[in-house]
Amino acid sequence: MNEFSILIPTYNEKDNILDLIEEIHETLANYEYEIIVIDDNSPDKTAEIVKAYAANKIERIICIERTWQKGLSSAVIE
């Protein structure tokens, strides 16, 4: 069971998301955690970048790509 769930709502964050994920991994290295990226159908392919990264490197990442709804509040609730 995870001690932490980190929720990251995103929209057009391809230039920042992997740095943020790496920073979280370094900071929480001694804890059980998961990272949940909730992307609002970013045209810059943020979700695809996260999914490719997670598939090749880290199992603690879940990426939800939302095409049906947008916004910070609803992303966190999702």
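All values below come from the heavy atoms of this structure, side chains included, with hydrogens, waters and symmetry mates left out. No experiment lies behind these values; they were computed from the predicted model shown.
- Between Glu3 and Leu28 the shortest side-chain heavy-atom distance does not fall below 4.5 Å.
- Rounding to the nearest 0.5 angstrom, the gap separating the CD1 atom in Ile61 from the NE2 atom in His25 is 4.0 Å.
- By the side-chain contact (heavy atoms from CB on, under 4.5 Å) test, Asp44 pairs with Asn12, Lys14, Ser42, Thr46, sequence neighbours left out.
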For this session: For side-chain contact (heavy atoms from CB on, under 4.5 Å), just list the numbers for Ile8 and Ile35, CA-CA rounded to whole Å, side-chain angles, deciding distance to a tenth of an Å, and then say yes or no.
Result: CA-CA 7 Å; Ile8 307 173; Ile35 297 172; 3.6 Å; yes
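- Residues satisfying the side-chain contact (heavy atoms from CB on, under 4.5 Å) criterion with Glu26, sequence neighbours excluded, are absent altogether.
- With rounding to the nearest 0.5 Å, the separation of OG1 in Thr27 from CD1 in Ile6 is 9.5 Å.
- When side chains are defined from C-beta on, Ile17 counts as touching Thr10, because their heavy atoms get closer than 4.5 Å.
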For this session: Show your working on side-chain contact (heavy atoms from CB on, under 4.5 Å) between Asp39 and Val50 and close with a plain yes or no.
Result: CA-CA 10 Å; Asp39 184 71; Val50 171; over 6 Å; no
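- At a threshold of 4.5 Å between non-hydrogen side-chain atoms, the residues Asn41 and Arg66 do not count as touching.
- Going from atom CG of Asn16 over to atom CD1 of Ile49 covers 10.5 Å, rounded to the nearest 0.5 Å.
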Problem set entry | Check against side-chain contact (heavy atoms from CB on, under 4.5 Å), Leu7 and Ile38 | CA-CA 7 Å; Leu7 305 175; Ile38 308 106; 4.2 Å; yes
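- Every residue two or more places apart in sequence or in another chain that forms a side-chain contact (heavy atoms from CB on, under 4.5 Å) with Glu34 is listed here: Asn2, Ser5, Ile36, Ile62.
- With a 4.5 Å cut-off on side-chain heavy atoms, Arg60 and Tyr33 count as touching.
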